[in-house]
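Because only heavy atoms are used, hydrogens play no part in the values below, and waters and symmetry mates are left out as well, while side chains stay in. Below, chain A is the first sequence line, B the second, and so on; all start at residue 1.
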Number of protein chains: 2
Amino acid sequence: MINPYDDTYFMKRAFQEAEAAYKKGEIPIGAVIVINNQIIARTHNLTETLNDVTAHAEMQAITAAANYLGGKYLIDCTLYVTIEPCQMCAGALAWSQISKIVYGARDEQRGCIAMETKLHPKTKMIGGVMAEEASQLLKRFFIEKRNLN
Amino acid sequence: MINPYDDTYFMKRAFQEAEAAYKKGEIPIGAVIVINNQIIARTHNLTETLNDVTAHAEMQAITAAANYLGGKYLIDCTLYVTIEPCQMCAGALAWSQISKIVYGARDEQRGCIAMETKLHPKTKMIGGVMAEEASQLLKRFFIEKRNLN
């Protein structure tokens, strides 16, 4: 049987969230959390709207997924996020014991790989799913922002 | 003039928050954020109550302080926290550009120093203020928890 619910499918859903952020003038990063092929959280960056540096897509997704599950650990869950998590978000993901992280584009400067943030030993992380689209959306946002100022 | 509002004064206020967490059965860590000798946020760990790994005292304090200030950057603010921040909280503090972090006791295993989390270059961090009290409260919590199970 062909499974339509692959990493690209869920990353597209995360990308829709990134586009929603973009339309609000937020740095366009989106995330979804999935368990058993079911989306239980979908969020996008809201740092400007909420005036809050902690309001990254991943942080909100962790809170929303835990709320849905009624428990704070995200075992058997997968996070899809359009850009590699920062050290704050990777630190939160470490506490959550999430099983898998799938990101789109690398963040060479501030991503958790460059920052050497420690994930939970049971967490697997892969990247590069829809990386070009995620990266292009982010670049477009910053170019437009620069031209406005 | 003698200034009564020294690091020990504010750490005592953070310690009161840690005691409030302790009474709720939460890992007893408390925090306050101060600007111009005025407390603008006081919080304690609520991970159990909220079923949320992101509900550390520091994360809530950052959100509350930004809400008070009406802006997301915590320049000229000092965070007092009874235990050294973890990589999630240190990552959030990095985004906030907070001027100063004062912690009580070190967290040798999971603290941001061992984890090598990168703070903002303008952030100063000092530790050891009421370290013994903070450490003792934490130890008492875990001993009691172990005895209950």
Side-chain angles (χ1 to χ4, degrees), chain A residues 26-27 29 31 33 41 43 45-75 77 79 84-98 107 109-121 123, chain B residues 26-27 29 31 33 41 43 45-75 77 79 84-98 107 109-121 123:
Chain A
E26 295 279 357
I27 294 178
I29 301 175
I33 291 180
T43 53
N45 177 42
L46 284 173
T47 49
E48 295 302 318
T49 307
L50 299 178
N51 255 334
D52 186 348
V53 296
T54 75
H56 284 193
E58 302 95 312
M59 300 301 283
Q60 297 175 71
I62 293 166
T63 299
N67 189 47
Y68 176 88
L69 295 170
K72 64 185 193 292
Y73 297 117
L74 304 182
I75 294 158
C77 292
L79 169 81
E84 180 196 341
C86 72
Q87 52 183 2
M88 168 182 72
C89 294
L93 290 162
W95 287 122
S96 81
Q97 303 183 23
I98 198 162
D107 179 351
Q109 263 77 52
R110 295 184 162 185
C112 60
I113 298 169
M115 292 295 194
E116 299 181 64
T117 313
K118 282 82 184 168
L119 294 172
H120 190 272
T123 302
Chain B
E26 295 280 356
I27 296 178
I29 300 175
I33 290 180
T43 53
N45 178 41
L46 284 174
T47 50
E48 295 303 318
T49 307
L50 299 178
N51 256 334
D52 186 348
V53 296
T54 75
H56 284 193
E58 301 95 311
M59 300 301 284
Q60 298 174 70
I62 292 166
T63 300
N67 189 47
Y68 176 87
L69 295 171
K72 64 185 195 293
Y73 297 117
L74 304 182
I75 294 158
C77 292
L79 169 81
E84 180 197 339
C86 73
Q87 51 182 3
M88 168 181 72
C89 294
L93 290 161
W95 288 122
S96 81
Q97 303 183 23
I98 197 161
D107 178 349
Q109 263 77 51
R110 295 184 162 187
C112 60
I113 299 169
M115 293 294 193
E116 299 181 64
T117 313
K118 282 82 184 168
L119 293 171
H120 190 273
T123 302

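Judged purely by atom type and a 3.5 angstrom limit, Asp52(A) has no side-chain atom pairing as donor or acceptor with the backbone of Thr63(B). No donor-acceptor pair under 3.5 Å is formed between the side chain of Gln87(A) and the backbone N or O of Met88(B). Side chain of Glu116(A) to main chain of Glu116(B): no donor-acceptor pair is present (N/O by atom type, distance under 3.5 Å, no hydrogens or angles). Within the 3.5 Å criterion, the main-chain N or O of Thr47(A) finds no donor-acceptor partner in the side chain of Lys72(B).
The contact between Ala94(A) and chain B is made entirely by side chain atoms (from C-beta outward), counting heavy-atom distances below 4.5 Å.
Interface summary for chain B: among Cys86(A), Ala90(A), Cys112(A), the most heavy-atom pairs under 4.5 angstrom belong to Cys86(A).
In this structure, the side chains of Ile62(A) and Val53(B) come closer than 4.5 Å at one or more pairs of heavy atoms. Arg110(A) is not listed as a side-chain neighbour of Lys118(B), based on a closest heavy-atom distance of 4.5 Å or more.
When all heavy atoms of Asn51(B) and Ala66(A) are compared, the pair lying nearest together is O-CB, 3.4 Å.
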